[in-house]
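Notes to accompany the following structure.
In what follows, every heavy atom counts, from backbone to side chain, and hydrogens, waters and symmetry copies are set aside. As the structure is a computational prediction, the values presented were derived from the model and not from experiment. Residue numbers count from 1 along this sequence.
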Amino acid sequence: MSHTSKIHDLFKVLAAFSAAQLIGIVLIHLLRGLFDAYWYNILLNAVCVLGANVAAFVIICGRGKLPEKSKGFAPWELSAWLFAAVFLSCLAGYLTRLIGAQQTISIMPKGADLALYALYTVILSPLAEEIAFRGAALARLRRSFEGYSAALISAALFAAYHMSLAQLPYTFALGFCLAITAQRCGSIIPCIVIHALNNLLTLAVSLSDTAAAITDIALPILGSAAIVAIIVGKKYKLSK
């Protein structure tokens with residue numbers, strides 16, 4: 001792959017990312033003043049930000065193509081990698097809290113608003129973001145970059161997409177793990193599942209001190225064991 005082709009593919013991904021942010025922000029500012037309801041703002045964000053994000057990536061980058069499979073997971077390994085991905089993202093989130101950056105929601109919605117927020121967080125966001133970042137964007141990047149390089153670039157864009165310096169380690173770790181999963185499986189379905197579980201876990205911790213206590217004990221044990229299993233099994237190396 002020539003240097004020019006690499007720059008071209010990287011430019012396409014960056015152009016899609018920039019276009020998605022610009023379109024989403026413009027639409028939100030144009031429409032936000034129409035209603036002041038909490039549920040409307042959630043739906044507005046879902047349509048404007050997530051919708052624009054998916055559209056830009058699919059049109060500019062990959063037209064809906066999925067990452068080409070490099071090397072599949074063994075059944076035990078996919079389960080191990082799922083735990084490892086969630087563990088690493090939670091560990092990164094914990095490190096950000098050590099410097100005073102709270103990852104929890106300051107004002108948690110209730111009732112119907114909470115149900116809508118959960119729908120947006122656990123289903124809509126993982127679905128849309130995986131189509132964009134681990135679908136179209138990663139497929140385009142893998143045309144020019146090796147497995148780990150493509151994963152790192154897509155993870156950096158995923159972290160930048162969340163527009164939070166405090167969450168940068170958290171989103172980068174999760175994005176990198178999801179990119180590897182997509183490349184190994186040749187599918188974004190496992191990524192959607194992992195992403196949804198991660199968001200569900202984050203929501204549960206925000207709502208319940210008990211859930212937070214359980215994850216503080218369970219995830220270090222399961223995640224550490226999963227990482228060791230993957231390394232010992234020598235099934236973590238990516239190929240083009």
Fill in the blank from the handout: Heavy-atom nearest pair, Leu168 first then Ala159, reads CD1-CB, 3.4 Å
Completion exercise
One should read off an interatomic distance between Cys191 SG and Arg184 CZ, to the nearest 0.5 angstrom, of 12.5 Å
Practice task
Give me the one residue out of Val13, Leu152, Asp9 that meets side chain to side chain contact (heavy atoms under 4.5 Å, CB included) with Leu141.
Solution key: Val13
Practice task
Check Lys6 against Ser144 and note the closest heavy-atom contact, atom names and distance.
Solution key: CE-O, 3.1 Å
Problem - Centroid-centroid distance, Tyr161 to Phe133, less than 6.0 Å - result: yes
Completion exercise
CG (Leu124) and CG (Leu119) are apart, to the nearest 0.5 Å, by 4.5 Å
Handout entry: Nearest non-hydrogen partners of Ala150 and Leu138, listed with the distance
Key = O-CD1, 3.8 Å
Problem - Where Pro190 and Thr181 come nearest, the two heavy atoms and their spacing - result: CB-CG2, 3.8 Å
Problem - Contact summary for Ala85 and Cys177, nearest pair of heavy atoms - result: CB-CB, 3.5 Å
Problem - Side-chain (Ser125) to main-chain (Tyr120) donor-acceptor, under 3.5 angstrom - result: yes
Handout entry: Nearest-0.5 Å distance that lies between atom CD in Gln21 and atom CG in Leu157
Key = 9.5 Å
Handout entry: Nearest-0.5 Å distance, NE2 of residue His162 to CD of residue Gln167
Key = 7.0 Å
Can you give me every donor-acceptor pair (side chain of residues 51-58, partner residue at least two apart or in another chain, under 3.5 Å) with its distance?
none

Handout entry: Euclidean distance, Leu22 CG relative to Phe17 CZ, rounded to 0.5 Å
Key = 11.5 Å
Practice task
Look up atom CD1 in Ile60 and atom CZ in Arg140, then write down how far apart they are to the nearest 0.5 Å.
Solution key: 10.5 Å
Problem - Residues in side chain to side chain donor-acceptor pair (under 3.5 Å) contact with Ser154, at least two apart in sequence or another chain - result: none
Completion exercise
side chain to side chain donor-acceptor pair (under 3.5 Å) filter on Glu130, not counting sequence neighbours, yields Arg134, His195
Fill in the blank from the handout: For Thr121 and Asn199, the nearest pair of non-hydrogen atoms, with its separation, is O-ND2, 2.8 Å
Practice task
Would you check if Arg143 and His8 make a side-chain contact, meaning some heavy-atom pair closer than 4.5 Å?
Solution key: no
Practice task
Assess the side chains of Asn198 and Tyr170: does a donor N or O sit below 3.5 Å from an acceptor N or O?
Solution key: yes
Handout entry: Criterion side chain to side chain contact (heavy atoms under 4.5 Å, CB included) against Ile192, the qualifying member of Leu127, Leu178, Ile123
Key = Leu127
Problem - ILVMFWY cluster, Tyr148 and Phe172 together (side-chain gap under 4.5 Å) - result: yes
